[in-house]
Amino acid sequence: MYSQGLIGAKTETEEDEAFLARFQARIDAEEKIEPNDPMPEGYRRTLVRQIGQHAHSEIVGMLPEGNWITRAPSLKRKAALLAKVQDEGGHGLYLYCAAETLGVSREEMTEELLSGKAKYSSIFNYPTLTWADIGAIGWLVDGAAIMNQIPLCRCSYGPYARAMIRVCKEESFHQRQGYEIMMTLAGGTPEQKELAQDALNRWWWPSLMMFGPHDSASQHGDQSMKWKIKRFTNDELRQKFVDATVPQGEYLGLTFPDPDLKWNEDKQGYDFGAIDWDEFWRVVKGGGSMNRERIAVRRKAWEDGAWVREAALAHADKRRARREASKMAAE
Amino acid sequence: MATNEIPLWEVFIRPRNGLAHKHCGSVHATDEEMAIQAARDVYTRRGEGTSIWVVPSAAITASDPEHKDENFEPALSKVYRHPTFYKIPDDVGHM
(Lines give C-alpha, C1' and ligand atoms only; values in the text may rest on other atoms or scores of the structure.)
Protein backbone atom coordinates (compact mmCIF):
# COMPACT_ATOMS: atom_id res chain seq x y z
CA MET A 1 0.00 0.00 0.00
CA TYR A 2 2.92 2.17 0.75
CA SER A 3 3.84 2.62 -2.85
CA GLN A 4 0.82 4.92 -2.83
CA GLY A 5 3.08 7.12 -0.72
CA LEU A 6 5.16 7.95 -3.76
CA ILE A 7 2.36 9.62 -5.63
CA GLY A 8 3.58 13.11 -6.42
CA ALA A 9 7.02 12.54 -4.85
CA LYS A 10 9.91 14.54 -6.28
CA THR A 11 12.70 12.09 -6.97
CA GLU A 12 15.04 14.26 -9.03
CA THR A 13 18.28 15.32 -7.40
CA GLU A 14 20.90 17.98 -8.06
CA GLU A 15 24.13 16.25 -7.06
CA ASP A 16 27.00 15.85 -9.53
CA GLU A 17 27.38 12.72 -11.63
CA ALA A 18 30.37 11.32 -9.74
CA PHE A 19 28.55 11.51 -6.41
CA LEU A 20 25.44 9.86 -7.82
CA ALA A 21 27.51 7.12 -9.45
CA ARG A 22 29.34 6.41 -6.16
CA PHE A 23 26.02 6.22 -4.33
CA GLN A 24 24.51 3.93 -6.96
CA ALA A 25 27.56 1.66 -6.73
CA ARG A 26 26.97 1.24 -2.99
CA ILE A 27 23.31 0.42 -3.63
CA ASP A 28 24.23 -2.05 -6.39
CA ALA A 29 26.66 -3.76 -4.01
CA GLU A 30 23.69 -4.24 -1.62
CA GLU A 31 25.31 -2.00 0.99
CA LYS A 32 22.81 -0.56 3.46
CA ILE A 33 22.61 3.22 3.69
CA GLU A 34 22.66 4.50 7.29
CA PRO A 35 21.36 7.82 8.70
CA ASN A 36 24.39 10.08 8.44
CA ASP A 37 25.79 8.62 5.23
CA PRO A 38 26.00 10.94 2.25
CA MET A 39 22.90 10.38 0.10
CA PRO A 40 21.27 12.15 -2.84
CA GLU A 41 18.61 14.64 -1.81
CA GLY A 42 16.07 12.81 -3.98
CA TYR A 43 16.75 9.54 -2.11
CA ARG A 44 16.28 11.27 1.24
CA ARG A 45 13.11 13.03 0.11
CA THR A 46 11.61 9.87 -1.35
CA LEU A 47 12.23 7.99 1.89
CA VAL A 48 10.91 10.77 4.14
CA ARG A 49 7.76 10.80 2.08
CA GLN A 50 7.32 7.05 1.83
CA ILE A 51 8.17 6.26 5.48
CA GLY A 52 6.10 9.21 6.70
CA GLN A 53 3.07 8.11 4.72
CA HIS A 54 3.57 4.53 5.80
CA ALA A 55 3.61 5.73 9.43
CA HIS A 56 0.50 7.86 8.90
CA SER A 57 -1.24 4.82 7.40
CA GLU A 58 -0.54 2.79 10.52
CA ILE A 59 -1.83 5.58 12.77
CA VAL A 60 -4.99 6.26 10.74
CA GLY A 61 -5.36 2.48 10.34
CA MET A 62 -6.17 2.24 14.04
CA LEU A 63 -9.44 4.13 13.47
CA PRO A 64 -11.54 1.76 11.32
CA GLU A 65 -10.75 -1.15 13.63
CA GLY A 66 -10.95 0.86 16.84
CA ASN A 67 -14.56 1.43 15.80
CA TRP A 68 -15.36 -2.21 16.73
CA ILE A 69 -13.37 -2.71 19.95
CA THR A 70 -16.33 -2.01 22.23
CA ARG A 71 -18.62 -4.17 20.09
CA ALA A 72 -16.38 -7.22 19.61
CA PRO A 73 -18.56 -10.34 19.95
CA SER A 74 -16.49 -12.04 22.68
CA LEU A 75 -13.78 -11.31 25.20
CA LYS A 76 -11.28 -13.30 23.10
CA ARG A 77 -12.04 -11.24 20.00
CA LYS A 78 -11.91 -8.02 21.98
CA ALA A 79 -8.51 -8.83 23.51
CA ALA A 80 -7.13 -9.75 20.08
CA LEU A 81 -8.49 -6.61 18.44
CA LEU A 82 -7.12 -4.39 21.21
CA ALA A 83 -3.70 -6.01 20.81
CA LYS A 84 -3.86 -5.58 17.04
CA VAL A 85 -4.82 -1.91 17.23
CA GLN A 86 -2.05 -1.35 19.77
CA ASP A 87 0.37 -3.00 17.34
CA GLU A 88 -0.72 -0.63 14.56
CA GLY A 89 0.08 2.30 16.85
CA GLY A 90 3.45 0.70 17.60
CA HIS A 91 4.16 0.24 13.89
CA GLY A 92 3.43 3.90 13.31
CA LEU A 93 5.95 4.76 16.03
CA TYR A 94 8.71 2.48 14.67
CA LEU A 95 8.23 4.15 11.31
CA TYR A 96 8.16 7.73 12.57
CA CYS A 97 11.38 6.89 14.39
CA ALA A 98 12.94 5.62 11.12
CA ALA A 99 11.82 8.78 9.27
CA GLU A 100 13.26 10.98 12.02
CA THR A 101 16.73 9.58 11.29
CA LEU A 102 16.46 11.43 7.94
CA GLY A 103 16.21 14.81 9.62
CA VAL A 104 12.46 15.39 9.70
CA SER A 105 10.82 15.97 13.11
CA ARG A 106 7.83 14.13 14.54
CA GLU A 107 6.05 17.47 14.91
CA GLU A 108 6.50 18.26 11.21
CA MET A 109 5.15 14.87 10.19
CA THR A 110 2.17 15.14 12.52
CA GLU A 111 1.47 18.61 11.18
CA GLU A 112 1.54 17.31 7.59
CA LEU A 113 -0.94 14.55 8.42
CA LEU A 114 -3.32 16.86 10.25
CA SER A 115 -3.21 19.55 7.59
CA GLY A 116 -3.94 16.98 4.87
CA LYS A 117 -0.63 17.70 3.13
CA ALA A 118 0.65 14.16 3.71
CA LYS A 119 -1.39 11.25 2.39
CA TYR A 120 -2.01 7.84 3.91
CA SER A 121 -3.23 4.60 2.37
CA SER A 122 -6.58 5.00 0.60
CA ILE A 123 -7.88 1.78 2.19
CA PHE A 124 -8.51 3.50 5.51
CA ASN A 125 -11.01 5.85 3.95
CA TYR A 126 -13.59 3.08 3.68
CA PRO A 127 -16.00 2.54 6.59
CA THR A 128 -16.17 -0.59 8.80
CA LEU A 129 -19.90 -1.29 8.68
CA THR A 130 -20.12 -4.75 10.28
CA TRP A 131 -18.08 -7.04 12.53
CA ALA A 132 -17.17 -9.10 9.45
CA ASP A 133 -15.21 -6.08 8.20
CA ILE A 134 -12.75 -6.68 11.04
CA GLY A 135 -12.19 -10.18 9.68
CA ALA A 136 -11.87 -8.94 6.11
CA ILE A 137 -9.42 -6.20 7.10
CA GLY A 138 -7.16 -8.63 8.95
CA TRP A 139 -7.25 -11.16 6.13
CA LEU A 140 -7.13 -8.86 3.08
CA VAL A 141 -5.77 -5.50 4.17
CA ASP A 142 -3.09 -6.89 6.46
CA GLY A 143 -2.46 -9.63 3.89
CA ALA A 144 -1.82 -6.98 1.22
CA ALA A 145 0.30 -5.01 3.67
CA ILE A 146 2.48 -8.07 4.36
CA MET A 147 2.94 -8.63 0.62
CA ASN A 148 4.20 -5.06 0.35
CA GLN A 149 6.24 -5.03 3.51
CA ILE A 150 8.23 -8.25 3.21
CA PRO A 151 10.36 -6.86 0.34
CA LEU A 152 10.73 -3.62 2.32
CA CYS A 153 12.67 -5.62 4.94
CA ARG A 154 15.46 -5.60 2.30
CA CYS A 155 15.11 -1.88 1.53
CA SER A 156 18.46 -0.15 1.02
CA TYR A 157 17.85 2.29 3.88
CA GLY A 158 18.90 0.54 7.12
CA PRO A 159 16.50 2.10 9.67
CA TYR A 160 13.47 1.52 7.39
CA ALA A 161 14.49 -2.09 6.72
CA ARG A 162 14.97 -2.75 10.44
CA ALA A 163 11.59 -1.23 11.32
CA MET A 164 9.94 -3.38 8.65
CA ILE A 165 11.44 -6.56 10.10
CA ARG A 166 9.75 -5.83 13.43
CA VAL A 167 6.50 -4.91 11.69
CA CYS A 168 6.41 -8.07 9.56
CA LYS A 169 6.92 -10.31 12.58
CA GLU A 170 3.82 -8.78 14.14
CA GLU A 171 1.61 -8.55 11.03
CA SER A 172 1.35 -12.30 10.71
CA PHE A 173 -0.82 -12.42 13.84
CA HIS A 174 -3.02 -9.72 12.34
CA GLN A 175 -3.70 -11.64 9.17
CA ARG A 176 -4.31 -14.95 10.91
CA GLN A 177 -6.74 -13.49 13.45
CA GLY A 178 -8.65 -11.86 10.59
CA TYR A 179 -8.83 -15.06 8.59
CA GLU A 180 -10.02 -16.93 11.68
CA ILE A 181 -12.87 -14.43 12.09
CA MET A 182 -13.79 -15.02 8.43
CA MET A 183 -13.66 -18.80 8.92
CA THR A 184 -15.93 -18.60 11.95
CA LEU A 185 -18.46 -16.42 10.12
CA ALA A 186 -18.31 -18.40 6.87
CA GLY A 187 -18.93 -21.61 8.80
CA GLY A 188 -21.74 -20.12 10.91
CA THR A 189 -25.41 -19.40 10.26
CA PRO A 190 -26.53 -18.31 6.78
CA GLU A 191 -26.75 -14.74 8.11
CA GLN A 192 -23.16 -14.90 9.38
CA LYS A 193 -21.93 -16.31 6.10
CA GLU A 194 -23.76 -13.49 4.32
CA LEU A 195 -21.92 -10.96 6.52
CA ALA A 196 -18.58 -12.52 5.57
CA GLN A 197 -19.47 -12.49 1.86
CA ASP A 198 -20.62 -8.87 2.04
CA ALA A 199 -17.36 -7.84 3.72
CA LEU A 200 -15.31 -9.63 1.06
CA ASN A 201 -17.38 -7.94 -1.67
CA ARG A 202 -16.67 -4.50 -0.26
CA TRP A 203 -12.99 -4.94 0.68
CA TRP A 204 -11.66 -6.91 -2.30
CA TRP A 205 -11.20 -4.12 -4.81
CA PRO A 206 -9.94 -1.51 -2.32
CA SER A 207 -7.39 -4.12 -1.17
CA LEU A 208 -6.11 -4.52 -4.74
CA MET A 209 -5.81 -0.73 -4.99
CA MET A 210 -3.50 -0.72 -1.96
CA PHE A 211 -0.63 -1.71 -4.25
CA GLY A 212 -0.84 1.65 -6.00
CA PRO A 213 -1.30 2.62 -9.65
CA HIS A 214 -0.51 0.36 -12.60
CA ASP A 215 3.21 0.18 -13.38
CA SER A 216 2.53 2.10 -16.59
CA ALA A 217 0.98 4.96 -14.56
CA SER A 218 3.45 4.87 -11.67
CA GLN A 219 5.83 7.77 -12.26
CA HIS A 220 8.46 7.11 -9.65
CA GLY A 221 8.65 3.34 -9.57
CA ASP A 222 11.77 3.13 -11.73
CA GLN A 223 13.91 5.38 -9.58
CA SER A 224 12.74 3.67 -6.39
CA MET A 225 13.59 0.28 -7.87
CA LYS A 226 17.01 1.54 -8.93
CA TRP A 227 17.69 2.81 -5.42
CA LYS A 228 16.39 -0.50 -4.02
CA ILE A 229 13.81 1.25 -1.89
CA LYS A 230 11.31 -0.96 -3.72
CA ARG A 231 12.14 -4.48 -4.84
CA PHE A 232 9.03 -5.32 -6.85
CA THR A 233 6.71 -3.22 -8.97
CA ASN A 234 3.12 -2.45 -7.94
CA ASP A 235 1.69 -4.89 -10.47
CA GLU A 236 4.05 -7.69 -9.48
CA LEU A 237 3.03 -7.38 -5.84
CA ARG A 238 -0.66 -7.14 -6.74
CA GLN A 239 -0.40 -10.37 -8.77
CA LYS A 240 1.34 -12.17 -5.89
CA PHE A 241 -1.42 -11.05 -3.55
CA VAL A 242 -4.21 -12.26 -5.83
CA ASP A 243 -2.48 -15.61 -6.34
CA ALA A 244 -2.04 -16.12 -2.60
CA THR A 245 -5.50 -14.93 -1.59
CA VAL A 246 -7.93 -16.51 -4.05
CA PRO A 247 -7.40 -20.09 -2.77
CA GLN A 248 -7.89 -18.81 0.80
CA GLY A 249 -11.24 -17.31 -0.21
CA GLU A 250 -12.26 -20.51 -1.93
CA TYR A 251 -11.43 -22.44 1.23
CA LEU A 252 -13.90 -20.19 3.06
CA GLY A 253 -16.57 -21.11 0.49
CA LEU A 254 -16.90 -17.43 -0.48
CA THR A 255 -16.85 -15.87 -3.94
CA PHE A 256 -14.85 -12.89 -5.19
CA PRO A 257 -16.73 -9.91 -6.70
CA ASP A 258 -14.92 -10.23 -10.03
CA PRO A 259 -16.47 -12.17 -12.95
CA ASP A 260 -13.12 -12.04 -14.81
CA LEU A 261 -11.17 -13.75 -12.04
CA LYS A 262 -9.87 -17.10 -13.30
CA TRP A 263 -6.80 -19.30 -13.19
CA ASN A 264 -4.42 -18.88 -16.13
CA GLU A 265 -2.47 -22.08 -16.64
CA ASP A 266 0.10 -20.41 -18.90
CA LYS A 267 1.19 -17.73 -16.50
CA GLN A 268 0.57 -19.95 -13.44
CA GLY A 269 -1.41 -17.15 -11.86
CA TYR A 270 -4.88 -15.66 -11.79
CA ASP A 271 -6.21 -13.23 -14.35
CA PHE A 272 -8.42 -10.58 -12.83
CA GLY A 273 -10.70 -7.78 -14.00
CA ALA A 274 -9.93 -4.09 -14.48
CA ILE A 275 -9.49 -1.95 -11.39
CA ASP A 276 -11.64 1.17 -11.14
CA TRP A 277 -8.81 3.71 -11.16
CA ASP A 278 -11.24 6.63 -11.07
CA GLU A 279 -12.38 5.45 -7.66
CA PHE A 280 -8.76 4.98 -6.59
CA TRP A 281 -7.77 8.54 -7.48
CA ARG A 282 -10.96 9.97 -6.02
CA VAL A 283 -10.24 8.31 -2.64
CA VAL A 284 -6.52 9.18 -2.69
CA LYS A 285 -7.40 12.80 -3.36
CA GLY A 286 -9.78 13.03 -0.42
CA GLY A 287 -13.11 11.97 -1.90
CA GLY A 288 -13.52 8.69 0.02
CA SER A 289 -16.48 8.38 2.35
CA MET A 290 -14.30 8.59 5.48
CA ASN A 291 -11.44 10.97 4.53
CA ARG A 292 -12.84 13.95 6.35
CA GLU A 293 -13.81 12.03 9.47
CA ARG A 294 -10.44 10.25 9.79
CA ILE A 295 -8.51 13.52 9.81
CA ALA A 296 -11.06 15.20 12.07
CA VAL A 297 -10.64 12.39 14.62
CA ARG A 298 -6.83 12.60 14.48
CA ARG A 299 -6.95 16.37 14.83
CA LYS A 300 -9.26 16.15 17.82
CA ALA A 301 -6.99 13.57 19.50
CA TRP A 302 -3.98 15.84 18.90
CA GLU A 303 -5.72 18.95 20.21
CA ASP A 304 -7.33 17.20 23.19
CA GLY A 305 -3.90 15.84 24.13
CA ALA A 306 -2.21 19.25 24.03
CA TRP A 307 -2.63 19.88 27.76
CA VAL A 308 -1.05 16.50 28.55
CA ARG A 309 2.02 17.28 26.44
CA GLU A 310 2.29 20.75 27.97
CA ALA A 311 1.87 19.43 31.52
CA ALA A 312 4.47 16.69 30.98
CA LEU A 313 6.98 19.23 29.64
CA ALA A 314 6.25 21.62 32.56
CA HIS A 315 6.66 18.75 35.04
CA ALA A 316 10.01 17.78 33.49
CA ASP A 317 11.15 21.44 33.63
CA LYS A 318 10.13 21.74 37.28
CA ARG A 319 11.98 18.58 38.24
CA ARG A 320 15.07 19.70 36.36
CA ALA A 321 14.98 23.10 38.11
CA ARG A 322 14.61 21.42 41.52
CA ARG A 323 17.52 19.08 40.84
CA GLU A 324 19.72 21.99 39.85
CA ALA A 325 18.67 24.05 42.89
CA SER A 326 19.49 21.22 45.30
CA LYS A 327 22.83 20.66 43.58
CA MET A 328 23.66 24.35 43.98
CA ALA A 329 22.63 24.26 47.64
CA ALA A 330 24.87 21.26 48.27
CA GLU A 331 27.92 22.94 46.76
CA MET B 1 -0.23 23.28 20.81
CA ALA B 2 3.07 23.14 22.69
CA THR B 3 5.74 25.17 20.97
CA ASN B 4 8.74 23.27 22.31
CA GLU B 5 9.34 19.79 20.99
CA ILE B 6 9.24 16.70 23.20
CA PRO B 7 12.79 15.29 23.44
CA LEU B 8 13.91 12.17 21.60
CA TRP B 9 15.45 9.20 23.46
CA GLU B 10 17.34 6.27 21.98
CA VAL B 11 16.19 2.88 23.27
CA PHE B 12 18.42 -0.11 24.04
CA ILE B 13 16.98 -3.50 25.01
CA ARG B 14 18.63 -6.51 26.59
CA PRO B 15 16.78 -9.56 25.22
CA ARG B 16 17.84 -11.70 28.17
CA ASN B 17 20.56 -11.86 30.78
CA GLY B 18 23.89 -12.81 29.27
CA LEU B 19 23.39 -10.60 26.21
CA ALA B 20 24.31 -6.95 25.78
CA HIS B 21 21.75 -4.16 25.45
CA LYS B 22 21.14 -3.51 21.77
CA HIS B 23 19.83 -0.39 20.07
CA CYS B 24 16.29 -0.91 18.78
CA GLY B 25 14.85 2.52 18.03
CA SER B 26 13.74 5.73 19.67
CA VAL B 27 10.81 7.28 21.52
CA HIS B 28 9.70 10.79 22.40
CA ALA B 29 9.21 11.56 26.11
CA THR B 30 9.47 14.56 28.40
CA ASP B 31 11.52 12.74 31.07
CA GLU B 32 13.46 9.52 31.64
CA GLU B 33 10.65 7.81 33.52
CA MET B 34 8.14 8.34 30.72
CA ALA B 35 10.79 7.37 28.17
CA ILE B 36 11.18 3.98 29.89
CA GLN B 37 7.41 3.48 29.94
CA ALA B 38 7.02 4.44 26.30
CA ALA B 39 9.94 2.18 25.32
CA ARG B 40 8.31 -0.71 27.19
CA ASP B 41 5.01 -0.19 25.34
CA VAL B 42 6.57 0.33 21.92
CA TYR B 43 9.43 -2.16 21.88
CA THR B 44 8.60 -5.03 24.27
CA ARG B 45 5.02 -6.10 23.52
CA ARG B 46 6.10 -9.70 22.86
CA GLY B 47 8.74 -10.46 25.45
CA GLU B 48 11.59 -8.91 23.45
CA GLY B 49 13.43 -7.81 26.55
CA THR B 50 14.19 -8.07 30.25
CA SER B 51 15.93 -4.71 30.63
CA ILE B 52 15.67 -1.30 28.95
CA TRP B 53 18.12 1.62 28.71
CA VAL B 54 17.03 5.01 27.45
CA VAL B 55 19.55 7.73 26.55
CA PRO B 56 18.75 11.28 25.39
CA SER B 57 19.51 11.24 21.66
CA ALA B 58 21.29 14.57 22.04
CA ALA B 59 23.76 12.95 24.45
CA ILE B 60 25.12 10.56 21.82
CA THR B 61 28.33 11.48 20.04
CA ALA B 62 28.80 9.57 16.80
CA SER B 63 31.79 9.12 14.53
CA ASP B 64 31.51 10.89 11.20
CA PRO B 65 30.69 8.55 8.30
CA GLU B 66 32.81 10.85 6.10
CA HIS B 67 35.85 9.78 8.14
CA LYS B 68 35.06 6.09 7.78
CA ASP B 69 38.21 5.38 5.76
CA GLU B 70 40.77 6.98 8.04
CA ASN B 71 39.01 5.61 11.12
CA PHE B 72 38.56 2.03 10.10
CA GLU B 73 40.67 1.21 7.08
CA PRO B 74 43.92 0.76 9.11
CA ALA B 75 42.30 -2.16 10.88
CA LEU B 76 41.72 -3.88 7.54
CA SER B 77 45.30 -3.55 6.31
CA LYS B 78 46.84 -5.09 9.44
CA VAL B 79 46.31 -8.71 8.52
CA TYR B 80 48.94 -9.81 11.07
CA ARG B 81 46.40 -9.02 13.80
CA HIS B 82 44.44 -12.10 12.81
CA PRO B 83 45.31 -15.68 13.82
CA THR B 84 45.04 -16.94 10.24
CA PHE B 85 48.09 -14.81 9.27
CA TYR B 86 50.38 -17.31 11.04
CA LYS B 87 51.12 -20.65 9.38
CA ILE B 88 51.23 -23.52 11.85
CA PRO B 89 51.83 -27.05 10.49
CA ASP B 90 48.86 -29.42 10.70
CA ASP B 91 51.06 -31.84 12.68
CA VAL B 92 51.02 -29.44 15.61
CA GLY B 93 47.30 -30.02 16.00
CA HIS B 94 44.60 -27.53 16.90
CA MET B 95 45.88 -24.20 18.18
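Naming: A, B, ... by sequence-line order, numbering from 1 per chain. FYI, side chains are in, hydrogens and waters are out, and symmetry mates aren't considered; it's all heavy atoms of this structure. Bear in mind that the values here come from a model prediction, so they are computed numbers and not experimental data.
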Decide, yes or no, whether a salt bridge links B:Glu48 with A:Lys169 under the criterion of side-chain N to carboxylate O below 4.0 Å.
no
Salt bridge or not between B:Asp31 and A:Lys318? Use side-chain N to carboxylate O under 4.0 Å.
no
If you round to the nearest 0.5 Å, how far is CG of B:Asp64 from CG of A:Asn36?
8.0 Å
Nearest 0.5 Å, please: how far is CD1 in B:Ile6 from CZ in A:Arg106?
9.5 Å
For [X], does the [atom1] atom have more than 12 heavy-atom neighbours from other residues, nucleotides or ligands under 6.0 Å away?
{"X": "A:Arg176", "atom1": "CZ", "value": "no"}
{"X": "A:Arg323", "atom1": "CZ", "value": "yes"}
{"X": "B:Arg40", "atom1": "CZ", "value": "no"}
{"X": "A:Arg292", "atom1": "CZ", "value": "no"}
{"X": "A:Glu17", "atom1": "CD", "value": "no"}
{"X": "A:Glu31", "atom1": "CD", "value": "yes"}

Can A:Leu93 and B:Val27 be said to form a side chain to side chain contact (heavy atoms under 4.5 Å, CB included), step by step?
CA-CA 8 Å; A:Leu93 296 176; B:Val27 292; over 6 Å; no
Considering all heavy atoms, the nearest A:Cys97-B:Ser26 contact
SG-OG, 3.1 Å
Taking B:Tyr43's backbone N and O only, do any of them form a donor-acceptor pair with A:Arg166's side chain (distance below 3.5 Å, no angle check)?
yes
Which bit of A:Glu100 is near chain B, if near means a heavy-atom gap under 4.5 Å: side chain, backbone, both or neither?
side chain
Would you mind telling me which of A:Ala312, A:Gly90, A:Ala163 has the largest number of heavy-atom pairs within less than 4.5 Å of chain B?
A:Ala312
Given side chains that start at C-beta, do those of B:Glu5 and A:Ser105 come closer than 4.5 Å, heavy atoms only?
yes
Pairs of donor and acceptor atoms involving the side chains of residues 78-95 of chain B, under 3.5 Å and at least two apart or interchain, shall be tabulated with distances.
from: B:Lys78; atom 1: NZ; to: B:Pro74; atom 2: O; distance (Å): 3.4
from: B:Tyr86; atom 1: OH; to: B:Tyr80; atom 2: O; distance (Å): 2.7

Please enumerate all residues that pass ring-ring contact (aromatic ring centres under 6.0 Å, His included) together with A:Tyr157, with sequence neighbours excluded.
none
Apply side chain to side chain contact (heavy atoms under 4.5 Å, CB included) to the pair A:His315 and B:Thr30, showing each step before the final yes or no.
CA-CA 8 Å; A:His315 178 67; B:Thr30 49; over 6 Å; no
Take B:Glu33 and A:Arg319, measure what side chain to side chain contact (heavy atoms under 4.5 Å, CB included) needs, and give me the verdict at the end.
CA-CA 12 Å; B:Glu33 207 179 319; A:Arg319 282 190 31 196; 3.6 Å; yes
